[in-house]
Amino acid sequence: MKHLLIQGGRIIDPSQGIDVTGSLLIAEGKILWLGKGEATPPQPDYDVLPAQGLIICPGFIDLHCHLRQPGFEEKETIATGTKAAARGGFTTICCMPNTSPPLDNQTVVEFIKAKSASEGVVRVLPIGCISKGRRGEELAEMGELASAGVIAFSDDGEPMLNSHLMRQALDYSRAFDLPVIDHCEDKTLTAGGQMNEGVISTRLGLRGIPNAAEEIMVARDLALAQLTGGRLHIAHVTTEGSVELIRRAKEKGIKVSAEVTPHHLTLTEERVIGYDTNAKVNPPLRTKRDIKALIQGLNDNTIDIIATDHAPHTEADKLCEFDLAPFGISGLETALGSLMSLVHSGEIDLVALIAKLTQEPAQIIGNKYGGLGTLATGASADVTLFDPNLEWVVEPKAFASKGRNTPLAGERLKGRVMATIFQGNLVYKDDSIKVKAK
Ligand SMILES: [Zn+2]
Ligand SMILES: [Zn+2]
């Protein structure tokens with residue numbers, strides 16, 4: 001395999017504190033050399049990928065997505081989901097276990113691993129169920145799942161309502177040093193809920209989902225994490241109150257990490273006006289005030305990472321009355337463009353944003369997959385190149401994902417992934433990028 005030189009871009013690697021203009025040399029799937037300015041690479045023979053004006057950073061890591069396979073292949077497959085990931089700049093994605101059958105045993109984990117090795121274009125790391133069949137009644141074989149290679153446990157899509165089981169899960173997970181990820185929702189408060197509870201839900205005549213439904217479960221989980229010493233990860237934080245609870249828990253030394261999605265950071269409940277089923281998501285889009293708190297939470301590291309909660313559905317699934325539509329947004333391909341709006345507005349620092357998509361999720365996953373989220377010499381050559389200023393219009397029909405369910409259709413975003421390299425292979429490139437022999 002010929003060496004590849006990514007030449008003359010702004011290299012940002014938060015894991016090494018690097019922010020320089022320079023070039024990156026890749027050989028045999030690994031990062032071989034990083035040179036500042038016009039430095040000449042140590043190898044004489046390579047192809048050149050010109051990166052002037054582009055940001056070069058570690059490949060993005062998504063700790064939370066839904067690939068729908070096995071069982072819901074009409075919505076997404078590992079093949080289409082990983083292609084969507086590559087277009088979004090993600091080189092590692094962690095898939096949630098709400099498949100059919102669910103990821104609650106070794107056989108399904110092996111299926112995901114084999115399928116992603118044969119049909120996937122980026123790394124897929126499975127998340128195993130907390131409970132058997134995701135029924136919340138008895139624990140899944142966590143030890144078996146851990147040895148099969150899951151990177152976390154979650155019943156996502158469903159919260160873990162049974163506090164005793166959640167306690168046991170956090171307790172047992174300590175033996176494997178894996179996090180337990182909870183989708184925090186008190187179902188007794190959200191039954192029939194369609195959107196954020198407030199003036200707009202009343203006006204639209206839709207049943208609301210109050211912030212408290214999330215915060216009650218966040219508070220319970222934090223108490224259980226404190227009790228057990230287990231590692232808790234809170235999925236898709238959406239409310240001001242949750243951010244405050246997590247902030248205080250971290251001050252107390254409770255082992256908790258948290259994520260926020262691009263849509264909860266950039267879109268408000270007003271998107272639901274007009275009954276756009278593509279804006280129907282769980283937890284729901286909230287208010288400006290919540291968004292402000294989420295951004296503050298990211299900036300003071302209360303919220304550790306950004307994860308997409310990519311939840312693809314078919315057009316037919318969403319083409320129905322609001323009440324009947326499934327929850328979820330197809331998010332892998334619009335993530336960077338959405339998030340860059342917060343950089344352009346000065347609300348989030350570019351380097352910090354990249355850290356939340358690379359180094360920070362890598363830390364949650366841990367070391368067993370080798371250096372993820374870094375451009376350190378010898379690390380897997382997982383690299384994302386993006387143009388921070390290129391404007392483009394979201395065309396769901398052009399998505400690699402089968403899920404075209406985005407509330408951003410037809411909107412202009414500023415910031416676009418131009419190329420994605422996974423283990424040294426160019427798995428996505430924009431047509432304007434031309435790789436040349438030296
Ligand atoms: Zn969820
Ligand atoms: Zn999810």
Side-chain angles (χ1 to χ4, degrees), residues 61-69 71-72 75-76 78 81 84-85 88 90 93-100 102-104 112 124-131 134-136 150-161 166 169 179-187 189-191 193-196 209 211 213-218 220-221 232-239 242 246 257-265 267 278-286 294 303 305-313 317-318 325-332 334-335 361 364 401 403 405-406:
I61 300 171
D62 188 4
L63 198 71
H64 185 157
C65 74
H66 298 269
L67 293 179
R68 306 299 193 203
Q69 194 174 17
F72 306 100
K75 294 177 192 277
E76 194 78 293
I78 287 166
F90 294 89
I93 57 177
C94 305
C95 60
M96 281 296 177
N98 59 338
T99 49
S100 178
L103 254 150
D104 67 355
I112 301 279
V124 176
L125 301 178
I127 295 169
C129 294
I130 300 174
S131 70
R134 301 174 57 250
R135 285 187 297 271
V150 303
I151 56 103
F153 302 99
S154 182
D155 277 0
D156 183 51
E158 292 294 329
M160 176 46 73
L161 290 176
M166 188 63 181
V180 177
I181 305 177
D182 201 14
H183 164 125
C184 289
E185 174 184 349
D186 181 331
K187 299 267 268 191
L189 279 172
T190 62
Q194 301 292 325
M195 66 170 296
N196 183 51
I209 297 173
N211 286 17
E214 176 174 311
E215 291 154 7
I216 286 167
M217 291 297 268
V218 169
R220 182 206 68 172
D221 285 354
L232 171 68
H233 179 79
I234 309 281
H236 42 54
V237 173
T238 70
T239 79
S242 296
I246 296 162
S257 54
E259 73 190 29
V260 61
T261 71
H263 47 273
H264 290 118
L265 279 171
L267 306 176
N278 287 324
K280 181 174 174 180
V281 64
N282 188 18
L285 301 175
R286 302 285 189 185
L294 293 169
I303 298 177
I305 65 165
I306 296 168
T308 67
D309 195 8
H310 174 72
H313 290 291
D317 290 338
K318 287 278 195 179
F327 293 97
I329 289 175
S330 177
L332 284 169
T334 54
I364 293 172
S401 171
N405 46 307
T406 172

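Start at 1 and go down the list; that is how both ligands and their atoms are numbered. Position 1 is the first residue of the sequence, and the numbers go up from there.
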(message) Is it true that H263 and D309 share a donor-acceptor pair across their side chains at a distance under 3.5 Å?
(response) no
(message) If the cut-off is 2.8 Å, does any N/O/S atom of H236 fall short of it from the Zn ion (ligand 2)?
(response) no
(request) Could you tell me which N, O or S atom of H183 is nearest to the Zn ion (ligand 1)? (result) ND1
(message) So, 2.8 Å as the limit: is an N/O/S atom of H66 located closer than that to the Zn ion (ligand 2)?
(response) yes
(message) If I take atom CD from residue E76 and atom SG from residue C95, how far apart are they, to the nearest 0.5 angstrom?
(response) 11.5 Å
(message) What is the name of the N/O/S atom of D156 that is nearest to the Zn ion (ligand 2)?
(response) OD2
(request) Kindly compute the distance separating CD1 (I364) from CG (L63), expressed to the nearest 0.5 Å. (result) 5.5 Å
(request) Examine the side chains of D62 and H310 and answer whether a donor and an acceptor come within less than 3.5 Å of each other. (result) no
(request) Would you please classify the geometry between the H64 ring and the H236 ring as parallel, tilted or perpendicular, with 30° and 60° separating the classes? (result) tilted
(request) Give the name of the N/O/S atom in D309 that lies closest to the Zn ion (ligand 2). (result) OD1
(request) Report the name of the N/O/S atom of H64 located nearest to the Zn ion (ligand 2). (result) NE2
